[in-house]
Undergrad: 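Got a structure here, written out as structure tokens. Questions coming.
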Number of protein chains: 2
Amino acid sequence: MQQKRIRIKDIAKLAGVSAGTVDRVVHNRGNVSAKSREAVEKVLKEVNYRPNIHMSSISLKKMYHILFVSPKFSAGEYWDSIYTGILRTLDEFENIRLSFKKITYNQYDVYDCKRIYDKVLKTKCNAVIIGSIFQKETQDFCHQLDEKEIPYVFVDSNVENTSPVACFSSDHYTCGYLMGKIMNAVMHDNRDIGILQAMRIGNESANSTILRKNGFNAYLDECGIERKIHRIPFNATEPEKNNDIFDAFFNENGNVGGIVVLNSRGHIMANYLSSRNIKNIKLIGVDLTIPNIAALKKGSISALIGQNPKSQGFLAMRSLIEYLIFKLPIKVDNIMPLDIVTKETIDIYSEFKDLVYLK
Amino acid sequence: MQQKRIRIKDIAKLAGVSAGTVDRVVHNRGNVSAKSREAVEKVLKEVNYRPNIHMSSISLKKMYHILFVSPKFSAGEYWDSIYTGILRTLDEFENIRLSFKKITYNQYDVYDCKRIYDKVLKTKCNAVIIGSIFQKETQDFCHQLDEKEIPYVFVDSNVENTSPVACFSSDHYTCGYLMGKIMNAVMHDNRDIGILQAMRIGNESANSTILRKNGFNAYLDECGIERKIHRIPFNATEPEKNNDIFDAFFNENGNVGGIVVLNSRGHIMANYLSSRNIKNIKLIGVDLTIPNIAALKKGSISALIGQNPKSQGFLAMRSLIEYLIFKLPIKVDNIMPLDIVTKETIDIYSEFKDLVYLK
DNA sequence: ATAAAAACTGTGTACGTACACAGTTTTGCA
DNA sequence: TGCAAAACTGTGTACGTACACAGTTTTTAT
């Protein structure tokens, strides 16, 4: 802390060059002879130089443009939490020249997603944070970013065959596995299980929900559970139709005792069950969204799995700034933990999560 | 982010005074006429001035001395985690003029604690972070700090009738309550429960373990559980004697099926049980120390409750810096969540906890 | 060999704050 | 009223970096 920190100037003197040359070496700006570069690098290694982050921030003249592409969201939803985490980091680095914009697409329409991706590619920017729903389209998008040498970071989920600077997501497979475990613990009879998974225009399903389903099935298989599993239809684009759809489903399948909602819309099923006064069906959901938490507190959802979306956004943006501006090495794969939250633990949980990010 | 931030200079111009005067008002340094002060304060309110933290750090000339008083610890122990969290914050603010020292006492000897407290009072410092074991002695200590107007922050637990700048701890009562709940879930028979709680020289017990015991008893009462409860003797100062003590205890009480260790020494009982090849006793402990985690992984501890000590240290030091140096308002009562960790979840848990603090 | 171009190097300035210090005004008191 | 002391105010500098720009050396092409 207190012993005098070594400065650019000191290194310059030690290496027998000027401060400007040291700066060029440190920032890899080129225009340095091999001889000078080696001399400086030798000293750098010896003295373990760490730039004064405050001074760096102050002197930074370049303006960085960062974009966040994600599904559309409203306040309190899953993607909004990721966004909030990003804003938290921006707040921390408020004295850095940085422009940030979010641009969102309809997550139930792959064509809209493509359109937005194209729009991003036409926008001048230095980095992109990507919240991906559609695997294939995101791959294409990333390859074009690669060509333009624009770095990108994933939040929520990773996308195969891409080369992101970093990725921040939970383990969706384990999430599904956990849901199976919890469902099995809370169901005290041998009734059937319903699985709710949204369908999308132009694509089967979101990658994350597919992985969750695999994890869920894996748990049931491993434990040799022989419950009947029903797929519950769900209309994500016209939610007003769901009540009729659910009515039809339950008319045909009276023996369902537990429902697993693989996306963040657990509250929709919870509210449906409440409205029909159905009380003996256990419900497990994903994401601590405001409506989900309300349903959890009311008791219509038994447990929710939290994916730490705020951490995802916070860490993703922080990593990006460290990579882009401070040229620090960053970790590529970052798996967020899954929090199991129940009626009893929701309050203390929420309070702490805010505390950690507070300034 | 990008719109020009208002500077001290701008405020000076708007208020019709010099930058120096604005600075004096902002830092409450006195020597400002009522007229000037009001003019500046009016402008400050209008423009919502927020100083550039980088510039503040750079220009700061005063040296702040901060002390951490806590029980003695070795690597990987509970107090060491708090210490690590503190160091993490110091790393973040490495460019601030700040001296930090830890000073520790024997937590099983109230007289040593007093001696160390007196030593701290004789040391010149600007703030103290206190890890308290003994209620009464800490109260006296705090009152003397109050007199000298030295601010202090608590970690691990709060102390009544003191006026700390902030406190970071988990809820020990709830911790005990949770231990009761878990113990009840993992014990599948009606056997007795043993409670292990350390005795100290000159004082009954640490405040935190008393609270945990209360919480534990409260759970058993609420649920009408009628198990027999035995207090297990434990010698904290001469650990080599414990094997004999435990032998004697189990000779007399053969029907114990579960043991709750209310302090972080769960591994001692775990290792004793392993050494005696006793396998059908469930063990619940507190704190994710290295030996406890090892016992958890081996299966000799069923579950551990984590108190987020690293967060406590990290946030305590961060709050203190914000209060002391950046004059920001800080939250006084901060309750850390309790993590329930089992063999299955320990690895992903540990990994994430590191990630969050990583730079 | 010489000019032009390219590659390299050093110098100087801005960034916004904290604080020292010198300079100015007001107050207190005889 | 005068004069010292106290209270107040403004100016100037350091902090360490990023980067622009001017100046110097080396390379390339004729």
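Each chain gets a letter, A, B and so on, in the order its sequence line appears, and its residues count up from 1. Everything quoted here is computed from the prediction, not taken from an experiment.
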Undergrad: Whether A:D91 and B:R50 form a salt bridge (side-chain N of Lys/Arg under 4.0 Å from carboxylate O of Asp/Glu) is what I want to check.
TA: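 Looking at A:D91 together with B:R50, the answer is yes, because their closest N to O distance falls below 4.0 Å.
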Undergrad: Please tell me which of the listed nucleotides, C:dT17, C:dA18, D:dT17, lies nearest to the side chain of B:R29?
TA: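 Nucleotide nearest to B:R29's side chain: C:dA18.
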Undergrad: Looking at B:Y49, I'd like to know whether one of its side-chain N or O atoms comes within less than 4.0 Å of OP1 or OP2 on C:dT17.
TA: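 Yes, within the criterion.
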Undergrad: Go nucleotide by nucleotide along DNA chain D from the 5' end; which of B:A34 and A:G20 gets its closest nucleotide reached first?
TA: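 Per heavy-atom nearest nucleotide, the more 5' residue is B:A34.
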Undergrad: Does C:dA18 have OP1 or OP2 under 4.0 Å away from a side-chain N or O of B:S59?
TA: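 For C:dA18, OP1/OP2 do not have a side-chain N/O of B:S59 under 4.0 Å.
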Undergrad: Under 6.0 Å from the NZ atom of B:K35, do we count more than 12 heavy atoms belonging to anything else shown?
TA: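 Not more than 12 within 6.0 Å, no.
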Undergrad: Select one nucleotide: of C:dT9, D:dT9, D:dC15, the one nearest the side-chain heavy atoms of A:N31.
TA: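 For A:N31, the side-chain atoms sit closest to C:dT9.
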Undergrad: If you check the A:S18 side chain, which of D:dG10, D:dG16, C:dT11 turns out closest?
TA: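 Output: C:dT11.
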Undergrad: Could you state the atom-to-atom distance from CZ of B:R50 to P of C:dT17 in whole Å?
TA: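 Interatomic distance, CZ of B:R50 to P of C:dT17: 13 Å.
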Undergrad: Rounding to a whole Å, what distance do you find between B:I58:CD1 and C:dG16:P?
TA: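 Spelled out: CD1 on B:I58 to P on C:dG16 is 11 Å.
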Undergrad: Closer than 4.0 angstrom, basic N to acidic O: yes or no for A:K13 and A:D10?
TA: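 So A:K13 does not pair with A:D10 through a salt bridge.
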Undergrad: Does C:dT17 have its OP1 or OP2 closer than 4.0 Å to a side-chain nitrogen or oxygen of B:S57?
TA: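 Indeed not, no polar side-chain atom of B:S57 lies that close.
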Undergrad: Give one of base, sugar-phosphate or nothing for A:R24, where a contact means two heavy atoms less than 4.0 Å apart.
TA: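 Base: the residue A:R24, judged by heavy atoms under 4.0 Å, touches a nucleobase.
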Undergrad: Within the 4.0 Å heavy-atom criterion, would you say A:H27 contacts the bases, only the backbone, or no part of the nucleic acid?
TA: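 Touches sugar-phosphate only.
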Undergrad: Is atom OH of B:Y323 surrounded by more than 12 heavy atoms (other residues, nucleotides or ligands) closer than 6.0 Å?
TA: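 For B:Y323, atom OH is not crowded (no more than 12 foreign heavy atoms under 6.0 Å).
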Undergrad: Nearest to the side chain of A:M55, heavy atoms from C-beta on, is which of D:dA14, D:dT17, C:dT17?
TA: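 Shortest atom-to-atom distance from the side chain points to D:dT17.
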Undergrad: Separation of B:K9 atom NZ from C:dA18 atom P, in whole Å?
TA: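 Distance check: B:K9 NZ to C:dA18 P gives 15 Å.
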Undergrad: B:K62 NZ to C:dA20 P: how many Å, rounded?
TA: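 Roughly 11 Å, once rounded to whole Å.
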Undergrad: Roughly, in whole Å, what's the span from CG in A:L60 to P in D:dC19?
TA: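 Those two atoms, CG and P, are 5 Å apart.
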Undergrad: Which whole-number value in Å describes the distance from A:K13 NZ to C:dT9 P?
TA: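 Roughly 19 Å, once rounded to whole Å.
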Undergrad: Looking at C:dA14, C:dT9, D:dC15, which one has an atom nearest to any side-chain atom of A:S36?
TA: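 The answer is C:dT9, which lies nearest to the side chain.
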Undergrad: Whole angstrom is fine here: how far is it from NZ in B:K35 over to C1' in C:dT26?
TA: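 B:K35 atom NZ is separated from C:dT26 atom C1' by 12 Å.
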Undergrad: Quick one: A:I53 CD1 to D:dT17 C1', roughly how many Å, whole number?
TA: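 Distance, rounded to whole Å: 12 Å.
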Undergrad: Would you say A:S33 reaches C:dT9's phosphate, i.e. side-chain N/O to OP1/OP2 under 4.0 Å?
TA: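 Yes, within the criterion.
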Undergrad: For B:W79 and B:F68, take the angle between the two ring planes, folded into 0 to 90°, and tell me which bin it lands in: parallel under 30, tilted 30 to 60, perpendicular over 60.
TA: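 B:W79 vs B:F68 ring planes: tilted.
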